[in-house]
2 protein chains.
Amino acid sequence: MVRQREFDEERALDDAMRLFWEKGYKATSLSDLTSKMGIQRPSLYSAFGDKEELFEAALRKYVKLHSSSIRKKLQNNQSVKKAFRTFFEELVEEEYKESPSKGCFCINTMVELAPHDEKFEILTREHQLYLSVIFQETIAEGIKSGELESSLNPKKVAQTLVVSLIGLTVLMKSRPERSFIDNSVTMILSLLK
Amino acid sequence: MVRQREFDEERALDDAMRLFWEKGYKATSLSDLTSKMGIQRPSLYSAFGDKEELFEAALRKYVKLHSSSIRKKLQNNQSVKKAFRTFFEELVEEEYKESPSKGCFCINTMVELAPHDEKFEILTREHQLYLSVIFQETIAEGIKSGELESSLNPKKVAQTLVVSLIGLTVLMKSRPERSFIDNSVTMILSLLK
DNA sequence: TGTATAATATACTGATCGGTATTAAAAGAG
DNA sequence: CTCTTTTAATACCGATCAGTATATTATACA
């Protein structure tokens, strides 16, 4: 009714998302959060609940952005093969551009929290499943258009691409020789016959 | 000279390894460690140094065991293809058998620490490189024996198998439908022509 | 057996953790 | 302007963190 919030909730959640993404759940303190978000503790608690609720909101925001970003990158391409190649190459380029690499917030959470908290096990599982469906639909279109062989199993290939995407993203955190990654991308894309 | 240590250092380090493996670095407290290892704080510090030194020793022990375990599983097989298939299938079986899955200590560390600590970036990178060399040697033997096509590039395939291994291990933490994993394993192994 | 030495156990340190009670400030309603 | 309500800011809470000082116990050697 009366005094209205002085900070932009969506903006603050975005700051929290980036911080949890970079540092993980445990390693991010409330002091880190409030200073990055530019708000005080009581404001954080009244707006987002406790640390875990804020983390969950941040992750949900991330997977929403991540899904639509990937969907966007794969569509509007005349060639499905080229779309996937560009997608993987840009991903690798992006990760090697900055040090440390940004990685994927959802993958980080799969490792840190999914084994110890069913809520995050489900949330991360469903995101990976969703990505595999996006991949699958893209591959199915490629078959329909005649670009890809009809003997290809869109679901199986899509799932394998998701597994490979996870593997690449995690491995790049150790910053291996670029050829390690490039070779793998080439081999993986060879599954799209 | 005089009073000798009452606890088995190697045994205590093994306990620490399992705990860090399960919970990660940040989420494992000194109290967790001393109670699991069955020793007091001063004993821990005098024997292993601080928390980070203990963690590093635990991880080094892990990668040593992990390397030799994988090497063992891949050799003594008449067929290279069968060796890899058995290796991946047993890995999946093992991970689905218990909940939560054990995962890989080195992969966990790649995600949690490698991006923020060069020491662990290097340690984890070298382990993955080492695994790729084991894979590469196995594949090269398969080519030499005539089981695998000579057109195969052992290094590239080996690196791709490492990427896939990482992806599978991480994804299984979210406990997806078994078919997601099985389909991926089948596709990945199809690279071994 | 007495002494030196090192490992043990207890108890404590300052710092930081997540979370909150309390106080001050802001703004619409009357 | 005053009152009411909700926000924001300060300061604080007990708990736990990693790490250590102190004291006790055990043992090899003189």
Side-chain angles (χ1 to χ4, degrees), chain A residues 1-61 105 108-109 112-113 116-117 119-120, chain B residues 1-61 105 108-109 112-113 116-117 119-120:
Chain A
M1 300 274 178
V2 283
R3 185 176 178 183
Q4 52 200 5
R5 203 148 261 163
E6 288 180 4
F7 64 94
D8 181 339
E9 276 195 38
E10 211 51 47
R11 172 75 186 194
L13 181 57
D14 201 79
D15 289 333
M17 179 189 80
R18 290 173 203 283
L19 204 51
F20 279 129
W21 182 358
E22 178 191 340
K23 307 183 59 169
Y25 179 75
K26 263 274 184 184
T28 303
S29 72
L30 281 204
S31 301
D32 294 333
L33 287 164
T34 52
S35 77
K36 182 79 148 190
M37 298 163 82
I39 63 177
Q40 305 301 322
R41 259 160 214 245
S43 303
L44 189 156
Y45 277 86
S46 79
F48 301 105
D50 66 14
K51 187 188 177 188
E52 189 177 314
E53 291 176 282
L54 173 59
F55 182 89
E56 185 180 341
L59 180 57
R60 288 191 186 278
K61 172 163 186 162
F105 186 12
N108 297 349
T109 304
E112 185 184 6
L113 301 182
H116 311 102
D117 189 325
K119 177 183 341 109
F120 294 110
Chain B
M1 300 269 181
V2 284
R3 184 177 180 183
Q4 51 198 6
R5 204 148 261 165
E6 289 181 4
F7 64 94
D8 182 339
E9 276 195 39
E10 212 52 46
R11 172 75 187 193
L13 181 57
D14 202 78
D15 289 332
M17 179 190 80
R18 291 173 202 283
L19 204 51
F20 279 130
W21 181 358
E22 178 191 340
K23 306 183 61 170
Y25 179 75
K26 262 276 184 181
T28 304
S29 71
L30 267 270
S31 301
D32 293 333
L33 287 164
T34 52
S35 77
K36 183 79 149 191
M37 298 163 82
I39 63 177
Q40 305 301 321
R41 260 160 214 245
S43 303
L44 188 156
Y45 277 85
S46 80
F48 302 106
D50 65 14
K51 187 187 178 186
E52 189 178 316
E53 292 176 281
L54 173 59
F55 182 89
E56 185 180 342
L59 181 57
R60 288 192 185 279
K61 172 163 185 160
F105 187 12
N108 297 348
T109 305
E112 184 184 6
L113 301 182
H116 311 103
D117 189 324
K119 177 183 340 110
F120 294 110

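Naming: A, B, ... by sequence-line order, numbering from 1 per chain. Keep in mind it's a predicted model, so treat the numbers as computed, not measured. Side chains are part of it too, since the values below use all heavy atoms of this structure and drop only hydrogens, waters and symmetry mates.
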(message) So, taking the atom named OH in B/Tyr45 and the one named NZ in B/Lys51, what distance separates them when rounded to the nearest 0.5 Å?
(response)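 Rounded to the nearest 0.5 Å, the OH-NZ separation comes out at 8.5 Å.
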(request) Could you tell me whether the side chain of B/Arg41 has a donor or acceptor atom within less than 3.5 Å of a complementary atom in the base of C/dA9? (result)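 No pair found.
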Atom-pair distance ([atom1] on [X]; [atom2] on [N]), nearest Å:
{"X": "A/Glu9", "N": "D/dA8", "atom1": "CD", "atom2": "C1'", "result": "14 Å"}
{"X": "B/Leu30", "N": "C/dC17", "atom1": "CG", "atom2": "P", "result": "16 Å"}
{"X": "A/Glu52", "N": "C/dG19", "atom1": "CD", "atom2": "C1'", "result": "14 Å"}
{"X": "B/Leu19", "N": "D/dA18", "atom1": "CG", "atom2": "C1'", "result": "15 Å"}
{"X": "A/Asp32", "N": "C/dA15", "atom1": "CG", "atom2": "C1'", "result": "14 Å"}
{"X": "B/Lys51", "N": "D/dG19", "atom1": "NZ", "atom2": "P", "result": "8 Å"}
{"X": "A/Tyr45", "N": "C/dC17", "atom1": "OH", "atom2": "P", "result": "12 Å"}
{"X": "B/Lys23", "N": "D/dT16", "atom1": "NZ", "atom2": "C1'", "result": "13 Å"}

(request) Could you tell me whether B/Lys36 atom NZ has more than 12 heavy atoms of other residues or ligands within 6.0 Å of it? (result)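 No, NZ of B/Lys36 has 12 or fewer neighbouring heavy atoms, counting only those of other groups under 6.0 Å.
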(message) Between A/Lys26 and A/Pro42, which residue's closest nucleotide on DNA chain C lies nearer the 5′ terminus?
(response)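 First, find each residue's nearest nucleotide; the 5'-ward one identifies A/Lys26.
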(message) With a 4.0 Å cut-off on N to O distance, would you call A/Glu56 and A/Arg60 a salt bridge?
(response)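 Salt bridge: yes.
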(message) Taking any heavy-atom pair under 4.0 Å as a contact, classify A/Thr28: base, sugar-phosphate, or nothing.
(response) sugar-phosphate
(request) Could you tell me how the ring of B/Phe105 sits relative to the ring of B/Phe55: parallel (under 30°), tilted (30 to 60°) or perpendicular (over 60°)? (result)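 Ring orientation, 0 to 90° scale: perpendicular.
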(message) Between B/Ser46 and C/dA7, is there a contact of a side-chain N or O with OP1 or OP2 at under 4.0 Å?
(response)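 For B/Ser46, the contact criterion (side-chain N or O under 4.0 Å from OP1 or OP2 of C/dA7) is not met.
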(request) May I ask you to evaluate whether A/Ser43 reaches the phosphate of D/dA8, defined as a side-chain N or O under 4.0 Å from OP1 or OP2? (result) yes
